[in-house]
Amino acid sequence: MQEQEIISYKERYIRLTHSGHILGSSFVRMKHHNRSILFSGDLGRLHDPVMYPPAIVQSTDYLVLESTYGNRLHEAINPIDQLSEVINKTAKRGGSVIIPAFAVGRAQSILYFIYQLKKANKIPDIPVFLDSPMAISATKTFCHYTNEHKLSKQQCFDICAGATYINTVEESKAIDNYQYPIIIISASGMATGGRVHHMKQFAQDYRNTILFTGYQVGGTRGARMVNGESEVKIHGHMIPIRAEVIELSNTSAHADYQEILAWLKKFTKPPVKIFITHDEPEAAQSLKNTIEKELAWKCNIPLYLQTEEL
């Protein structure tokens, strides 16, 4: 998206600029007289296969910066290759792949990867189901706003045609009865909500794979499964986890700390202060230390309800 000014009055304005995280995500810049503050929101990747990179920002007086991957780096492995390996290995043993995915952004990226793999005959032509009304709506939105991402209209059409859309709960429950390999992409990305009944059906069979495609917050059902717990509670019942559980970490839409540093280095002058937010304390502290060491910029990790005079 181009920079958009949504409120403007004399020496005050609010502007939105492309942040590269998901479709429509934006930096929010607020200015009052000669003082400005920029909220990064979720900062996107520099080389995402679908989204354009975050807009270059040259200056702001104050910056509120996310730190989801403040202490981590994304793996160098190509996620398409890893996805190919998972699907082929699972299908070979007669199992299905269940992919909890965030409805906006991640679901569309996974559909794109599967489309590429099928087009190249690198995986079998097994049925793909997109089981999330929100993800279905978001996928259609991707096809409408092709100027906001790297995919062409034809690619969007082909990607949409490559999956069966599941709209009703009855349809969703029916696909649990398939007796041959399938791929189900279903929100939510941390298995905390949405149509998690697939977990009850497929997690108990060793032939299947539960494939997580992004960061799992501590305490979520997804985090417990990734960490190797042998059973989790779903709909009031303890469900044994016999399926293979894999985390496809390099599909995250969040910039890691090196990508954050690369984005910050485009500034022509440092902010007066950076406020680091939006993650576990360890990640925030690590990013603070990294920025102060590499750039010598002043950083602060605000406390809950802390106030700051700018």
Side-chain angles (χ1 to χ4, degrees), residues 3 14-22 25-32 34-48 51-76 102 105-106 189-190 212-220 222-223 226-227 247 249-310:
E3 183 174 75
I14 297 176
R15 290 177 181 168
L16 305 181
T17 312
H18 174 73
S19 68
H21 177 65
I22 60 174
S25 62
S26 305
F27 302 136
V28 180
R29 179 191 293 273
M30 302 174 66
K31 186 175 181 180
H32 181 259
N34 294 321
R35 198 164 298 169
S36 63
I37 182 169
L38 181 78
F39 296 85
S40 76
D42 293 334
L43 184 65
R45 306 285 301 276
L46 299 184
H47 304 288
D48 187 271
M51 298 302 301
Y52 291 119
I56 293 173
V57 174
Q58 294 186 325
S59 66
T60 184
D61 295 315
Y62 298 91
L63 173 63
V64 180
L65 179 66
E66 73 128 322
S67 60
T68 306
Y69 275 75
N71 58 346
R72 288 169 294 163
L73 294 174
H74 296 299
E75 296 179 29
F102 301 107
R106 198 64 43 80
M190 299 180 193
F212 290 97
T213 58
Y215 177 61
Q216 303 298 307
V217 172
T220 62
V226 167
N227 290 332
E247 184 177 16
S249 60
N250 202 28
T251 57
S252 175
H254 289 271
D256 63 26
Y257 74 81
Q258 282 191 348
E259 292 171 318
I260 293 173
L261 276 178
W263 180 73
L264 291 174
K265 288 178 180 178
K266 299 292 186 180
F267 279 57
T268 57
K269 66 176 183 178
V272 175
K273 185 182 290 187
I274 298 176
F275 301 96
I276 297 178
T277 61
H278 195 276
D279 201 50
E280 309 290 343
E282 297 81 6
Q285 185 62 52
S286 179
L287 183 60
K288 177 180 185 294
N289 294 343
T290 299
I291 293 173
E292 290 178 339
K293 178 182 178 181
E294 296 287 329
L295 301 176
W297 294 359
K298 186 177 180 181
C299 297
N300 176 269
I301 301 175
L303 301 174
Y304 178 60
L305 296 181
Q306 176 181 329
T307 61
E308 189 85 12
E309 185 174 345
L310 306 181

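The analysis underlying the following values was restricted to heavy atoms, covering all of them including side chains, and did not include hydrogens, waters or symmetry mates.
Taking each heavy atom of A223 and G218 in turn, the nearest pair found is CB-CA, 4.2 Å. Counting all heavy atoms, side chain and backbone alike, S59 lies closest to F267 at CA-CD2, 4.0 Å. Nearest heavy atoms, I274 versus P271: CG1-CG, 4.1 Å. The shortest non-hydrogen separation linking Y257 to G70 is CB-O, 3.5 Å. In terms of heavy-atom proximity, H18 sits nearest to F27 at O-CE1, 3.5 Å. The shortest non-hydrogen separation linking P53 to L46 is CB-O, 3.6 Å.
Within the 4.5 Å cutoff, the side chain of L287 has no heavy atoms near those of the E66 side chain. Between L65 and S67 there is no side-chain heavy-atom pair separated by less than 4.5 Å. No side-chain heavy atom of H74 sits less than 4.5 Å from a side-chain heavy atom of H47. Proximity of S19 to D42: side-chain heavy atoms (C-beta onward) are nowhere separated by under 4.5 Å. Considering only heavy atoms from C-beta on, I37 stays 4.5 Å or farther from D61 through its side chain.
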side-chain contact (heavy atoms from CB on, under 4.5 Å) between R45 and N250, intermediate numbers included: CA-CA 10 Å; R45 306 285 301 276; N250 202 28; 3.5 Å; yes
How far apart are the C-alpha atoms of F102 and M190, what are their side-chain angles, what is the distance that settles it, and do they pass the side-chain contact (heavy atoms from CB on, under 4.5 Å) test? CA-CA 8 Å; F102 301 107; M190 299 180 193; 3.8 Å; yes
Could you walk me through whether V57 and R29 satisfy the side-chain contact (heavy atoms from CB on, under 4.5 Å) test, starting with their C-alpha distance in whole Å, then the side-chain angles of each, then the deciding distance to 0.1 Å, before giving a yes or no? CA-CA 10 Å; V57 174; R29 179 191 293 273; 3.5 Å; yes
Take E294 and L264 through the side-chain contact (heavy atoms from CB on, under 4.5 Å) test and state the conclusion after the steps. CA-CA 11 Å; E294 296 287 329; L264 291 174; over 6 Å; no
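Without hydrogens or angle criteria, T268 side chain to Q58 main chain gives a donor-acceptor distance under 3.5 Å. Within the 3.5 Å criterion, the main-chain N or O of M51 finds no donor-acceptor partner in the side chain of H21. E259 places a side-chain N or O within donor-acceptor distance of the main-chain N or O of D256, the cut-off being under 3.5 Å. In this structure, S286 contributes its side chain and E282 its backbone to no donor-acceptor pair below 3.5 Å. Of the possible donor and acceptor atoms, one in the side chain of W263 sits under 3.5 Å from a partner among the backbone N and O of A55. Proximity of a side-chain donor or acceptor of S36 to a complementary backbone N or O of M30 within less than 3.5 Å is not detected.
Note that the CG atom of N300 and the OH atom of Y62 stand 11.5 Å from one another [nearest 0.5 Å]. Expressed to the nearest 0.5 Å, how far NZ of K288 lies from NZ of K298 amounts to 10.0 Å. Taking CD1 of I291 as the reference point, atom CG of L63 lies at 8.0 Å (rounded to 0.5 Å). Between atom OG1 of residue T68 and atom CD of residue E280 there is a gap of 9.5 Å, rounded to the nearest 0.5 Å.
Around the CD1 atom of I56, the shell of radius 6.0 Å holds no more than 12 heavy atoms that belong to other residues, nucleotides or ligands.
Side-chain contact, T251 with T213: no donor N or O sits under 3.5 Å from an acceptor N or O.
For the pairing with P54, the side chain to side chain contact (heavy atoms under 4.5 Å, CB included) check across D48, I260, L43 returns one residue only, L43.
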